[in-house]
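Below: the structure, in structure tokens.
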Amino acid sequence: MGEKLIYLDHSATTYTKPEVVEAMLPYFTQNYGNASSIYSIGRESKKAIEEAREKVAASIGAQAKEIFFTGSGTEADNWAIKGVAYANKAKGNHIITTNFEHHAVLHTCQYLENDGFEVTYLPVDENGLITPQQVAEAIKPNTILITIMFANNEIGTIQPIAEIGKIAREKGIYFHTDAVQAIGNVQVNVKDMNIDLLSLSGHKFYGPKGAGALYVRKGVKLISYMHGGAQERGRRASTENVPSIVGLGKAIELATANIDEYNKKLIALRDRTIDEVMKKIPFVKLNGHREHRLPGNANFSFQFIEGESLLLLLDMKGIAASSGSACTSGSLDPSHVLLAIGLPHEIAHGSLRLTFGEENTQEDVDKLLEALPTIVERLREMSPLYESVKRGNQNV
Amino acid sequence: MGEKLIYLDHSATTYTKPEVVEAMLPYFTQNYGNASSIYSIGRESKKAIEEAREKVAASIGAQAKEIFFTGSGTEADNWAIKGVAYANKAKGNHIITTNFEHHAVLHTCQYLENDGFEVTYLPVDENGLITPQQVAEAIKPNTILITIMFANNEIGTIQPIAEIGKIAREKGIYFHTDAVQAIGNVQVNVKDMNIDLLSLSGHKFYGPKGAGALYVRKGVKLISYMHGGAQERGRRASTENVPSIVGLGKAIELATANIDEYNKKLIALRDRTIDEVMKKIPFVKLNGHREHRLPGNANFSFQFIEGESLLLLLDMKGIAASSGSACTSGSLDPSHVLLAIGLPHEIAHGSLRLTFGEENTQEDVDKLLEALPTIVERLREMSPLYESVKRGNQNV
Amino acid sequence: MYSEKVMDHFMNPRNVGEIEDADGVGQVGNAKCGDIMKMYLKIENDIIVEAKFKTFGCGAAVATSSMSTELVVGKTVDEALKITNKAVAEALDGLPPAKMHCSNLAEEAIRAAIEDYKRKNGLLSECEMAGSCGRRCDDIHHDHNDNDEEDED
Amino acid sequence: MYSEKVMDHFMNPRNVGEIEDADGVGQVGNAKCGDIMKMYLKIENDIIVEAKFKTFGCGAAVATSSMSTELVVGKTVDEALKITNKAVAEALDGLPPAKMHCSNLAEEAIRAAIEDYKRKNGLLSECEMAGSCGRRCDDIHHDHNDNDEEDED
Ligand SMILES: Cc1ncc(COP(=O)(O)O)c(C=O)c1O
Ligand SMILES: Cc1ncc(COP(=O)(O)O)c(C=O)c1O
């Protein structure tokens, strides 16, 4: 590429911070002991894991023994939902979620539907919000689980989690939240928010990929998902991934330490981007709620053009971003999130997600704002849909 | 510790080779792109993953598209067994395994038993072997899966996998093998051996922890286990763990490149250890088959003493090993493997597993052979069980 | 993902635009599916002398459009009708499996434009009256989600 | 895992051995469970003047045996009977949760040895006749495997 990469896809994954890699390194080649072993290098691994557990717990207001390490955010979601469902099926078989969850939640719920569970997919509004009222009304005598994401990965909308938690707790129904996009970006406290289970994933806050955790409030009935050895106090089998766990602990500590400052920085980048794009480019729509959104998330739909082409041209300018276009999602339809907020297919195909992170600067925004209008215009010039608009036939 | 550690627990986990860590490093901080993204750094990740897939495939005689990366050996086992069971339950509900599998297989089978499946646990003989005949006889019209481990993690016994595979193929029953201990230690070829599914795990052959793979022969009916995004061609969700996958690929390439030489080296260490220990120490038993065993595995039971004490004293001498004692397995009973080969509980408690690896030398064996007899004698002197033996009451 | 040739045709598409007095115009695909290709042909003495396109779609859609216009020019109508999706893809040094449908779109766009030309000139045989339009999205895309069964690629 | 004190008592156990002419001998545990503790007491004028042990078991079993012998010496029989498992564990700066049963074993071994002494000397009250032996393994160990429910530690 030559030029410095302008990476605006932090919601897809972040780089791992050098300090985090540094913290992990000794556990590959030197302190490589199996944490379940009793000899010295095994005990060192064990100690490192327990320190990481403390850090994860501290960052979300939990106790260390309520944290279980997993191999990813997806695993945490699968475990939480299947684990609660199968452990509590004597009590009921109804699950409440939304129609714009991450696939790790959505496909898990669909899997359970095939296995005799009943799932209510609450519709979000045009900004991607659901109301606590909607949740309360969906509760039935056989409801055993409410699973609603903290912050959406595509359009960044943040849900009223504390209010939903309150309702769930009052009704004695377990409440799980997929906080994979929230951790490190917004303050999360499982006690204050009455959260019973929470999923998180290291590679969204400058930790390693393949490192997740599930918070399980003491007392929650949950069956195991990964069967095997007695690791994680007998609840999640497999040889402890010491380097990744250490990295996760280090990353979450760094990410939550100065979250307020980080937020301020991201909001400045995001708001300028949103304001300028809306001003400079016609036929554009901001997706997601203007206020209740992740500090680093800007998501637009540009009419008459398709997302993959947009990404390729941005990439040629050294800008990495993502889209909800079907062509980039590997599925039949454009992003279910964009459809859930009511976008027609053709508009959803032209979406662009920009997610800012630590290393981004206002100069990055400058370059983006320089490149984007030209690229959009270029693709529109090539688009048969734009023709008619230019001819005045603006049926949009 | 001061002195150099003598690590004799390679079956628990290996260190990650520096070359492997080297190969992984760029994917943490530089080529950190999400492999499902279309921009340059995403495509680089994708490319790295596909190269790793080729390497894994090549090392077991499979095609690249038959390899799916997982977060561990445990996950590969869970996926293979649950995935085949639920995908084929219309055909039957009977599974054949052995009574000395790893817990990742055993507990998964037990989980399925609670969900309406019928499992036959074939008993192994006193050396830990099962015969193809036993497998053939256990097959019923409703058998859908045979899952038998390639090499045992505790006593090292290697099963007649090719013969079992032949029977399974003839009967049209899926055959899964947990080859976590075999890969990198013995030659494995899924085509020649008629294996339909195979689990492997990186941290057993100098790769990273938290990196596994499942081989699934083209055509095998298998449902997904990890639900979510469309990664791994829609069959295993979660953001690709690029560094670990790259490390797995590199490690398996190194491990299979000069496997014959490696074997010779390990066998020399193992055989001398076995011969000398049997000669020097009374009231000892070799566990596992003398010939059909992993090149690096020596497993003994020392009567009248308990394994954890033995490990602690070895650790004080700078020797890291493991035991099937209940005290070290975190469970009620001593190792189910040792019970499966017919050891009484009290003998099983006094077991010692020594597993050699790359960095071990004959000097390490010297030191072991110097330390071990003294330690065993010391513990025996302290043991009320040994008293009576010394008094001539040798009811053993 | 994409070959250099695809990227070249995507970045520097040949023959973008409209032909005001085109002899045949064909549009295939639909916005709902995420790709629309519109092809303009100028035909003289049964020979395609000019081709232009407009495309709404992914990189492969743009590149196959561009390549198709290059392939048809200089060919007779009948020769152009023989251009297969495979030929378009090959001329681009291949397409990723998931993108092969884009080359179908190109083939279809050529057919549609020629059909239009024939219709305008009363050259249409009966069997050609059954158009190639009206595809559904799922004819062209694969569903990769939770595809638990062996996929066929 | 183990405190320094535990490791010290494991590595340098005090009072290992037998007392030939012991006044009380008690053995608890069983080999099947992986730990047996045998305690020898020399008792003069109701005061324990010497204690020795032999133990088959893990590091904690050895350390608690060693510590118990230290704790009982100099105590009267009644005082010795008041030594709780908690006291043994505390004297060792604590034990890992999974190993607390080892301190039970020590408490039981003291009781068994004293019971033996009392029996030999006709000092046994009726209620003490109900011995503390015959434990089952699952009284003392936890099953950590596939413990899907919340554990209680
Ligand atoms: C035979 C066998 N199967 C499965 C596993 C589980 O692998 P992992 O620790 O990668 O989950 C192991 C090792 O722990 C093993 O030895
Ligand atoms: C909201 C949300 N949930 C779950 C996941 C899955 O996490 P992972 O990729 O670690 O499996 C992601 C990201 O991929 C996400 O954004």
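So you know, we letter chains A, B, ... as the sequences are listed, proteins then strands, and number each from 1. Just so we're clear, the structure is a prediction, and the values are computed from it rather than from any experiment.
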Only pairs at least two apart or in different chains count here, so list each side chain to side chain donor-acceptor pair (under 3.5 Å) that has a residue in residues 5-15 of chain A.
A:Asp9-A:Ser322, A:Asp9-A:Arg353, A:Asp9-B:Tyr39, A:His10-A:Glu359, A:Ser11-A:Gln181, A:Thr13-A:His203, A:Thr13-A:Lys209
Correct closest heavy-atom pair for B:Gly210 and A:Asn241 would be CA-ND2, 3.5 Å
Looking at side-chain heavy atoms only, is the closest gap between B:Lys82 and A:His227 below 4.5 Å?
yes
Is chain A contacted by the side chain of B:Glu240, its backbone, both, or neither, given a heavy-atom distance below 4.5 Å?
backbone
If I measure from the heavy atoms of chain A, does B:Ile81 come under 4.5 Å with its side chain, its backbone, both, or neither?
neither
With a 4.5 Å limit on heavy-atom distance, are the side chains of A:Ile223 and B:Tyr111 in contact?
yes
Between A:Leu312 and B:Ile38, is there a side-chain heavy-atom distance shorter than 4.5 Å?
yes
Check whether any side-chain heavy atom of B:Met24 lies under 4.5 Å from a side-chain heavy atom of A:Phe28, and answer yes or no.
yes
Sorted by chain and number, sequence neighbours left out, side chain to side chain contact (heavy atoms under 4.5 Å, CB included) with A:Lys47 holds for A:Glu51
Not counting sequence neighbours, which residues clear side chain to side chain contact (heavy atoms under 4.5 Å, CB included) with B:Thr74? List them please.
A:Met226, A:Ala237, A:Ser238, B:Ser72, B:Asn78, B:Ala104
Looking at chain A, which one of B:Gly73, B:Gly212, B:Gly33, B:Ala320 has the largest number of heavy-atom pairs inside 4.5 Å, strictly under?
B:Ala320
Within a reach of under 6.0 Å around NZ of B:Lys17, are more than 12 heavy atoms found that belong to other residues, nucleotides or ligands?
yes
Compare all side-chain heavy atoms of A:Tyr225 with those of B:Tyr225 and state whether any distance is below 4.5 angstrom.
yes
Chain A heavy atoms under 4.5 Å from B:Leu25: which part of the residue, side chain, backbone, both or neither?
side chain
Any donor-acceptor N/O pair, B:His103 side chain to A:Gly229 backbone, under 3.5 Å
no
Tabulate, in ascending numerical order, the residues of residues 242-251 of chain B having at least one heavy atom closer than 4.5 Å to a heavy atom of chain A, or enter 'none'.
B:Val242, B:Pro243
Side chain, backbone, both or neither: which part of B:Ala211 has a heavy atom under 4.5 Å from chain A?
neither
What distance do B:Leu311 atom CG and A:Ser37 atom OG have between them, rounded to the nearest 0.5 Å?
8.5 Å
Pick one of side chain, backbone, both or neither for B:Tyr206, based on which atoms fall under 4.5 Å of a heavy atom in chain A.
neither
